[in-house]
Each structure stands twice: as C-alpha cells, then as structure tokens.
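Here the structure is laid out as structure tokens; the discussion comes afterwards.
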Amino acid sequence: MIEIRFHGRGGQGAVIASKILAYAYFLDGYHSQAFPTYGAERRGAPVAAYVRVDDKFINVRSPVVNPDYVIVMSGKLADTVDVSSGIKENGLILINSELNADYYNFEEKCRVMCFDVSGIALKYGLGTKIMPIINVPILGVFSKITNSVSLESLKRATPRFVSTGIDKNIEALEEAYNLA
Amino acid sequence: MESVDYQNVISDKDIRRFPISITTTEVNLTGSWRFYKPEFKEKISPCSVGCPANTNIPKYIHYLLKNDMDRAVEVLRRENPFPATCGRVCPHFCQSKCNRKDYDGAVEIKQIERFVGDYALKVPPKKAKVLSSKKVAVVGGGPAGLSCAYFLALGGYRVDLFEKERFLGGLLIYGIPDYRLPKEVATKEIENILEVGNINVNLGVDVNKEKVEELKKNYDAVFVALGLSEDKTPGNVAIDNEHVFSGYELLKEIKVNGRVDLDGDNISVLGGGNVAFDIARSIRRAGKDVNIICMETLETSPAFEDEKKEAIEEGIKVVDSRFLQNLKITDRGLHLQLRGVDKVLDNYEPVLNDYVEYMDTDILIVAIGRKREESILGIEGVFFGGDFYNGAKTVIEAVASGKKAAFEIMAKLEGKEFKLMNEDDQFFRSTDDFDEYKVIPFERININYFSEQKPIKLSRLAANERVNNFNEIVMKPSLEKILREAKRCFSCGVCNECKTCWFFCPDMCIDVHEKVDFDYSFCKGCGVCSEECPRGVIDMVEDK
Amino acid sequence: MDFREVTNIEYMNQGDFACPGCGAGLSMRHALKVLGDKTLIVMPASCWSIISGVFPTAALQVPLMHVPFATAAAVASGVKNAFRKKGQEDVNVVCWAGDGGTFDIGLQALSGAAERKEDIIYVCYDNEAYMNTGIQRSSATPPGAWTTTTPTGNPLIYEKKDMFNIVVSHNPAYVATATIAYPDDFYQKFEKAKNAKGFRFIHLLSACPPGWRIDSKDSVKTMRLAVESGVFVLMEKEQGKPTKVTYKPDRFVPIKEYLLSQGRYKHLDKDTINKLQIMINEHLASLGLL
Amino acid sequence: MNKDMMLGSEAVALGVKLSRPKVISAYPITPQTHIIEKLSEMVDGGELDASFIRVESELSAISAALGASQAGVRAFTATSSHGLALMHEILHWIAGSRLPVVLVNANRAIGSPWNIWTDQSDSMSQRDLGWMQVYCETAQEALDTVLQAFYVAEKVLLPIMVMIDGFILSHTLEEVIIPSQEQADKFLPPYKPEYFLDVDNPLSFGNAAKGDVFYHLREDMQCSMEASFGVIREAHNRFDEAFGRKYDFVEGYCLDDAEIVFVIAGALTGTIRVAVDKLRDLGIKAGLLKIRYFRPFPADIIKELLKTKEHVIVLNRSVSFGSAGQLTQEVKNALYYEPNKPNIYDYILSLGGKDVFVEDIVNLAKDVGNLKTSKMLWRE
C-alpha cells in the first residue's frame, strides 16, 4: 500500500489534487482512496489530504500517519507545519519551492525534493502571483519523480475534478512532468 | 452465516391500522351540548299593526319578491278583500309605522299593494264551502258590509246581503272619483268577493229600523253597516238643489253619469274633508272655478294630504279658517258672509274671531259630513260597523270593522268568546297562529344587513294633464321599481327566507324553506342564528 | 350578499368539535364552499386539530392531514410539489392554521414557503391567543387583552404583529384580511385567492367565544364590531398592485364599544381605553382611513 | 461492470437518483451538503425528474418530505447532526403516519461545543422513533442501501434512515460499481401507496386518537417493525438477484473461530477489519461483527453469532450518558438469556471525529485481559 499526504492551504487545491491523484491511480488499475481532513473550509488555513493506493480494496479510513510520500503545496507551510511527521524511512517529501532542498532540514530520514511549480503555474496563468494554483502541475512532478502513477491517467483524471482552465492545467501538468 | 427464520412477507394482520379517519363526525351528536335552543317564532311588523286590517305586509312582499304572486294575493286577501282599492285610496297608516321611516324613508307600501291588488283583480278567490247551517244578514253593501260578508262566507256561513242602491260598493262605487279609484277596479274587486260564494245579494232593499228588527228574528246574526245616510248642513243653510247642493249626491251623480251639469262657473265647496276636495276637484274637471271654504287651516283640514296638494295644483282656491256665517241668495247668485276662525274644537265647533269677509259665488256645495240613522243604533243584539258605527273613516277602517264583526259573529255562533288576540296591539288575524305577538321595533332589526336607499319616486300626471279628465293621477310604477321598493322592506318579524341564519350556522343545522327548521341533533345552541337574523324571527329558549 | 345564492353543498360534516359559536368552524365551512372539492387541507396544531373530529371520524369532506405545530407551510410545500409531479396542479393545497401556528411557531416555515413562491393558500384563522391550550397569549394577542398568561392584560407595548405586511414583504401573489362577518368580502377574497397562482395568504379574524369572554351568540357580531371599530381592517394586496382597503365603515365605532363587549377587556380603565383608541387611530391614519 | 470513483455523498445521490423520488427537500449542513448539491445538479440538469425544495431549515425539509409522502409520492431528504435533531418532532410524526420517507444522515457530533466531525450521537439519539436505521460502511453500500431503503420502507410502511459517517465516508473518494437505471427499476417498483391525499377519496390523516386507539396504533408499529425482518431479507435477496451483491442485517468477519469479537456500525468498520487482520497475523483470534440494521435490531441473529464467544468488545461511537453506549445496550440485551454469555465490553471511541488508528484497536485486543466489563471504557 502506498500512502500519500498532501499539505496545503485553503484555496490551493490540495483536496482536489488528492482526488485527481487517487483517480489517476484508479485509472492505472489500482484500488485507491482519497479523503481530506476538513476543518471549516477557510481560505488560507492549513489543510491536509490523503491518498491511499493498493492492489486490493482499501478498508482503513484513519488519517495517513506514516506516509510514503508527502506533497507540500507551499514552501512556507514547511516552516510552520510538521510536514515530515511520521514519514516512512526513505519516504519522499515534494515541496513546491524555489529554494534548494537543502534549505529544509527534517529530523526524519527521508528524501526532500523542491520544485518551483509556482513558476510553471504562473506561466500558464493558473492563479495569481500571490496565490498560484499549482495543484495539477505538482502532480506532474510527482509522477515523474516517483514513477508510481502515469502521466496519461493524470491527464485523464484532471477534467473530472477541475472545473475551469482544464487545458492550461493539463499543459502545465505536462510541462512540470517534462521539466522534473 | 447462520440465519434465523423469519416470516417472509407482511400480511394484512401485521399492518392493521393506520391513523386515518374514514368515517364522519356525524356519530357525535353535538345537540347534547346545548343549553338553549333556537325556535322559529315569527313576530309582528309595525306596519301590520298600523294597518287597521292588520295586513301581513312583509309576507306578501316576500311572495311578490319570490315571484309567487298567487301566494302574495292569498296573504293580502286573508286580511283585506280590497287590495286594489286600498292600494289607491288608503292613506296607508302602515307606512307611518314602517321601521324604515326614520332610517331612509318608509317603504312605499301603497304602490306595492296596488301592484299586487291589480294582479289580484285577475285572480278570483277560491270558492268557500258551506260549513254551517246558520245564516247571517248583512245590511249595507259598502266596504264594511262586503268585508263582513266575505269573511263570514270564508268561514263557511251563508250570508244574505242587503243593499239599498242598484250596485254594491257604497262609496267605492258612488263616492270616490275615478281619478282616485276607477270604477272598474272597485267593481272587479266586488265581483271577486262574491266569487267566494255563500253570499246572496239583495239589491234595492232599503233597510229601516223595522226591517232590522225583522232580520234579527229570521237570522242567526245581523250586521248593520248602513253608512251615513243624511247630509249635515250648516244651521242657516238648506240644500235646495238650485243654489245649494249636497256634495255627496253630486259625487254619486258624477260616478253614475260620468258628469254633472251645474249652472254657474264660480262654485264654492263648503268643507275640509275628502268629500269636499273630491267634489271640488271633480267639478274643476268641468272647467269651472272652484273655491273650498273650510273652518280649519289648510294644513289641519282632515282631507288626505295628497288630495289637498293635488287640488291646489289643479287651480282650486282654498279659503281656509273661515266659517260660513250667513248666506244670501241674490240675482247674481249667492252672497256669502264668512267669519274668521281661530281654531276648531274637537266637537267641530269653531272659535270665531272678529274678521268678516264677503264672497260671491254661483253655487254652494255642502260637504261638511253626514249623519247616520240613529234609531237603528238602539237595537240590541245586532252588530254594527263601518262608517255607520264609527263615523266617517277610511275604506280600510271600514274593512277592518266588517272583518272584526265577522269574527265576533262567528265566535258568538260557535259559542266562543270573541277576543282580540292581542288587546294592546288591536291586532287580530284570522288564520295565522302565532304563539307570541310581539311587535318588532327598529332596534330589533339587524341593520348590518341593510344599506340606506331612498324610496322610489312616484310619477303623477301633471295638473294640466288631469284637469279635463278623470284618469288616475298616480301612474303605475314599473315592475322594476316595484321590486326595488319591495326589496327595501325589512320584513320585520316575518321570515323572508333570506337564509342569513343558515349562512351563519357554524353547525349546518338550519334548513330554510318557507320557515326555519333546526336540526336539533347537532345544534349546539350557540344562538348566532337568532342574533344575526335581520328581522328577529328566531328566539333562543331554554332547552329542558 | 344574497345568501340564497350561496351553494347548498357542504364540505363539512355535522358533529364537529368546535365550541358553540366558533368563528373558526364557520370560516372553514365557507372557505370550503368557495374552494370546492378539489381542495385539501394541511393543518398544524390548533383548535381545528380537535374540531376535525376524533379518530376514526372526520369533520371534513376534503382530504386533511394534521401536522406538527411549526410545519404547516413546509408540509404544504411538499404536498403541492408532489401534486405537481403527479400532474394534479389544479388541487388547492390549503394550510389552515391558527394565529400561534402562523404568527409564532409557524412563521419561519410560512416565510420560507412565501419566499419560494410556493403555490399554496395559507389561511390563518386568528382568534388572538392560544385558545386550544386554554387561552395563552400569542403574538397575535392585542394589547390590553386578558389571557391566562397575561392575567392583568397584555402590555400595551406588545402590539399585535403585523402579519399582513410581513407576508406582503415577501411579494406573494395575493394577501388579504377577511372575516366571515363580512360575507361578501370573505367570498370575494377566497375566490381571488383560489384563482391566483403562487403564494396566497388570507388572515381571518375569527371569534373565540370562550377566549374572548363573549356569549356564543355574539360571535359574528363581535367580529363585525372589530371591523366597524377599525381594530381589524379589511384589505388586500394583489401582486403588482397597491394595498387596498376593501371595506371602510362610514364612521368608525369607538373602540370602547368593541372592547367593552368582551370579557377579556373588562379590566381596562378609561385611560387605557383612550390609549388604545389613540393606537388604533394612528394605525387607521397610516392607512389613510382617518 | 461499470466502475467509477466517487465520494460517499455522491454515491448516496446516485442511489437516490436511481430510486426516482418525486420530491426532495433539504437544507444544507456539513457534512451532508455534497449529497444535496449533487441532487440539485441532477434535478436542474434534468437527469432526475423530481421537485427539489430548497427549504429554510431542516424542520421544513423533513416537513416537506412528510407532505410529499402523504401526497403519495416517493420523498427523500438528507441531513446531519443538529439538522437531524431539529427534525426530531417530525420524525416521530412521519413514523406515526406510517410514511415511507427515506432520509440519509451524514453522521456528525452534536454540540456544544461546535464539532463538525463524525460520530453517531445524532442518529443514535433518534433510535426510538419508529424509523428503521441502517449504518453503511462504504460508498458502495451507501448507494445500494438507499435503493433497498425505499423498497423496505414502502413495504413495511415505516420510514428509514440510512447513515453514512461524515467525512470518513461522505467525503472519501473511493470506487463504486455503478448500477444501471434498468437494474434499479427492476429492483424497485414504482411507489403505489394505498392511502394518500386524494381529492377523489378524501380521508383525514392524523385526527386525534384517544388512548385506547392510540395504544394499538403503536402496537401496530411494533408489529410492523417485527415483520420488517422478512421484508428486509426479501429486499436483500432481490438485491442480490438484481445486482449480484449480498447484504444482510449484520456482517461477520473472521467470526467463526474468533475469541475476541469487535462489534461496530458504520464506516470505521473498515479500519477494524485491518486491525483484525493484524491481530490474526499476531496469532490472536480476533473477529468482527458489523451491524447494518440497528432498527429493527437483529437481536436473534446477533445472539446466535456471539453466544459462544469469549470477549465481545462493542465499539460505540455514541454514548447514552448515565447508561452505556447504545450499541452495547442492544448487544447485551440480545445476549441476556444466554447461559454462557461472553464478556461484553462497553467501549466508547471516536466521538467528535477523534481519529481511530489500527494500532489502537490492536492494542485494545491485546489488552483484553485487563478490560473490565463493569464500566464504560474510554480511550486513554
């Protein structure tokens, strides 16, 4: 079973990203599950979302506490939220950040990778400079570096959960995949 | 997995009842909740009391509005066999008692009665059966005698009617001018009375005291309504049929011949009553100048207001508050000496003042009243009525007196004590059977169900259209107007099936058909029907 | 109005459980005469919950469903939508509620249904207190009136809620006040309500002999006096037209006459009556009637 | 087989759509909102031929459903938590009126303090109404149960409440086999009530009934509840025939030889399954009994399944304060007459959305020797 945890802020689309990812896994032939930890839905507040993937039906419904992968939608979050919490040994933390991965110094034994997804998002007009919408392109990066979900499935899954700018999102997704 | 065996489907028994009501509350006899119960009790309308014959005015108006003319006629004739006549000549005491009088004007009952009465002319009454072997003699074929005969005949008695003249009707035929009462109307109405049967008419029979005594021996009862037989004259004047004439006789001549020839163009009529005005107006119709000389002021003179008003319109001069003190016959005619009158006492004696006036006239017609044959009045065991007994009164009063006599006679012949059903109200009705006689005052009318509406205006012939003929002056109102006027009737104390009680009964316990019926099984006795009835025909009584 | 022309068809059965002289029973009887047999009634808790008969009997000859107190307009919404889906758009769905079920506990559902323009007729028979539970004050109880929860009289600052304008503010198809004491007006308004489409509201003043402390026979009379004194104004508002007063007495009867005819006001002193008269006058003036 | 991923809420909405209700009335409340958003979309888009009444409160939502159902059409509403509590009075009324309304409740805690997360206090406190209650574990089960619910309710003539846990089921994206409308229509016949508001057959519904009548009306409700077992079984059989998926009142997992049995209802069941697997890996004979139907409560079945077990740990997600977890009460009740009844533990967990992890359950089973049956157990 693969367990993935998203960290984002309200409005960044972490929950949608988790759904697209789970659905892409489903399209790849896996059993998957996605769910958020909801508070009240407030823009800017930290949110988490989870994805589980397995080759059999997933029974467990508790939050993911020992993720294989952590996807952090905003570098700033890593400063305030314990994003590495419980990560499996050799787990991977993917952070949307212009900074170098060395900047992040987590206690856990894990890999860290930074990628400026915001730059790609802005290039495709996704969101604003202050709040770029990176939830789709970051999945391209994730697909490339983990090789656990296909780009094709992500492209197919995206329109189901994204209501506006589908084409731009998919172009950004592809570019992120290619650049990663 | 092990399983327990359960019954597989639901049977009717499993779902037996639903909270659904499928029967009616009619099992709940709410009549048992009642402390008071409504009762249908018709009362008396003030107009009925005002009418000397106690005509049930609201009731016939109700039938008129229901377009049931036969019933309307029946109700009218139950109290008065002369509706077409009274609809013309009656001063309608009823109207002065009408509850609507001070609200927006009394209902124009007179015209409604005339309308129904005219219809009645074409509807002969049903024949009465002879129910008794006893016979009654009625002397005098005027309205009183005819009424008495009519009610006796209806009561099943055989009547022998004696009349001096060649025709029945008395003043109706020989007195009241055609412009007030066309002869055909009175004639038809009399014919209708005789249609009842049981009445044997003897014309040209002059009845004197001896004859009455004889009748008394031969009949089980005798009613005398001879009318007034002799003119009164001022002390110093005698009727000579040259210069001085009897008004009464002249009217009779006009009714019989349709005209009268008098030498002279300047005529004076002495008297302030209806006869004086009638003769004055009749002669005026021959194009002569007419003065009326009366002791009273014009306002207080006893003639009907319409008569006075119309007479003046027709160019008759009224010299009022004058007493004829002296009369001289000269070559040129008559020279009258008149004295001023301050007032007239109850016994018709004038209180003179110093004023003296002289007047020349070609002819003087005396119409200051008539006297009765006093000797007959002394006979005991005989019933008297009409003007003969009461003095000069109206047609309706004559009718009432004849009717009352008829009931007194029937009571006597049946060995009962006759009494008015309600002494206070002078009210009696022949057939209706009320348990409570109560007059409905204006306050008992639920005025919320009415709105103000003035009475209809009557159309009359203009003075210049009438002075050369004897046509009726008051024109017959249209049916529409009559119905509109009839709808104004409050129908005080008399159910007119307005269904207000039915409408407001919360318990659907009222059925209105001719009268009001209550469904006492469910009536909760709230009393709303009684309270809301516009005319007070429902009483709440303790329910024991 | 010529009562002889009113239909003889009754949609109520005899033997109902209304008190003698009940205005609510009488109002239902005539409302149904206008609305006819293609009508059904949704009825929240009220005197009518009892009047309608005890299981398994029924006082109405049209379908009736009883519903909890606060819910009439919402239930009727559901009923109407169901009938629409059944293709029976022409059935009159009528809420028949008391003042408590309308002014107080049912107001939210009423407002909701009015705002949604539900195609229902909401009739409030207002007897000005919780009569079914034994005469407790409601927000329809007039100032000064005695009830068991205002034993010294409803304080004058508690003015009766202006239901007419509350409903009018939702801009429904038709709003009217009426009382069976004015049969013409009553029939015309029910006819208008019946023929209009959308949310329709009729506020009926309905006398309660026990609650108003009047003789049962005076039930209609007292309702009439309420109108004649200006305490209850007969008016209506059709959508897109201004509010119209449908009956104006030639002159208003002093409120004293209305108040003193009822036991529930017998404790009022002269001063209070004068104050109430001033309140009524102000109200009438605001309607342009004085 | 048409398979897709969807939220638990969406699965409910799909189940509702396949059931062809005529009137839907609802008021939004977290975590039920996705259900009514989805249904609004279906109605507005013409996919579902129903009236959607956007009422102003849950009280009106259930009232409109009451009206629609009494008018003789299939009616649906959904709510949660405070919304369900606000409906309480009408829930009684609907049951007493014998109307087959279907309600989906997204289980959520009730304040104070405010808490939007899941537990089952809301529905458990509505257990005595005369409503049937079913708790669902997965999105698939939620969809299927909605279809079954209409079938059962309309035959038993009692309303039914279908529970999905808030968030952990309602907001979880998971795979679902999509039934076709043809299949659904074959399973669920059109609703043809015998008594309803009908101007051609005017009846009065709910006229005051005195005790002698009322008593028996209530007895009839109980009779129907008892008889509903047969209807539910029939529904399950027919459902299996139509869709090839088996359902029962309860569902056992590793039960046959189990010595320690967890009893639970709702979506947390899945987490317990994983824990049972883990315990089995550790050599501990754990098992699981999932309760689907809480009303009618299948006491006889549960008795047969549990009477020989050693330990029964009832996992309650609600408390009847001053007594025990409602589920525990029922399980104890079912086993009362058994001579060798198991140790029954009254365990309260996951109130207000407090997370439950597999390890917690594993540890609980390991510690069973130290647990007391005499008092309510709360997590450290």
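- Neither the backbone nor the side chain of D:A65 comes within contact range of chain C; no heavy atoms are under 4.5 Å apart.
- Other residues, nucleotides and ligands place more than 12 heavy atoms under 6.0 Å from the CD atom of D:Q181.
- Per-residue heavy-atom pair counts under 4.5 Å with chain C were compared for D:D200, D:L203, D:N201, D:I90, and the maximum is reached by D:L203.
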Take D:S57 and C:Q108 through the test side chain to side chain donor-acceptor pair (under 3.5 Å) and record every step on the way to the result. CA-CA 9 Å; D:S57 70; C:Q108 176 181 311; 3.0 Å; yes

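- Using a 4.5 Å cut-off between heavy atoms, D:F196 touches chain C through its side chain atoms alone.
- Interface residue C:E118: only side-chain heavy atoms are found under 4.5 Å from chain D.
- Using a 4.5 Å cut-off between heavy atoms, C:T39 touches chain D through its backbone atoms (N, CA, C, O) alone.
- Residue contact with chain C, scored on non-hydrogen atoms closer than 4.5 Å, is absent for D:A61.
- Comparing C:A58, C:S77, C:A109, C:P63 by how many heavy-atom pairs each has under 4.5 Å with chain D, the most go to C:P63.
- Counting all heavy atoms, side chain and backbone alike, C:A82 lies closest to D:V73 at CB-CG2, 3.5 Å.
- Separation of atoms CZ (C:F69) and CG (D:L59) is listed at 12.5 Å; rounding is to 0.5 Å.
- Here the shortest heavy-atom pairing between C:M65 and D:L197 reads SD-CD1, 3.7 Å.
- Residue contact with chain D, scored on non-hydrogen atoms closer than 4.5 Å, involves the backbone and the side chain of C:N81 alike.
- Screening C:S52, C:P56, C:S49 for a side-chain contact (heavy atoms from CB on, under 4.5 Å) with D:N207, the sole residue that qualifies is C:S52.
- Between C:P68 and D:E89, the shortest heavy-atom contact is CB-OE2, 3.2 Å.
- Separating the CE atom in D:M87 from the OG1 atom in C:T71 is a distance of 12.5 Å, to the nearest 0.5 Å.
- Side-chain N or O atoms of C:K86 include one that pairs as donor or acceptor with a backbone N or O of D:A71 at under 3.5 Å.
- Of the two parts of D:V55, the backbone and the side chain both hold a non-hydrogen atom closer than 4.5 Å to a non-hydrogen atom of chain C.
- Only the backbone of D:R54 has a heavy atom closer than 4.5 Å to any heavy atom of chain C.
- With values rounded to the nearest 0.5 angstrom, C:H66 atom NE2 is found 6.0 Å from D:S204 atom OG.
- Surrounding OH of C:Y158 are at most 12 heavy atoms belonging to other residues, nucleotides or ligands under 6.0 Å away.
- In terms of heavy-atom proximity, D:I53 sits nearest to C:G78 at CD1-CA, 3.8 Å.
- Looking at C:V62, only its backbone comes within 4.5 Å of chain D, counting heavy atoms on both sides.
- Scanning all heavy atoms of the two residues, the minimum distance from D:A208 to C:I50 falls at CB-CD1, 4.4 Å.
- The 12-atom threshold is exceeded at CD of C:E10, counting heavy atoms of other residues, nucleotides or ligands nearer than 6.0 Å.
- The local environment of NZ in C:K197 is crowded, with over 12 non-hydrogen atoms from other residues, nucleotides or ligands closer than 6.0 Å.
- C:A76 does not touch chain D: none of its heavy atoms, backbone or side chain, sits under 4.5 Å away.
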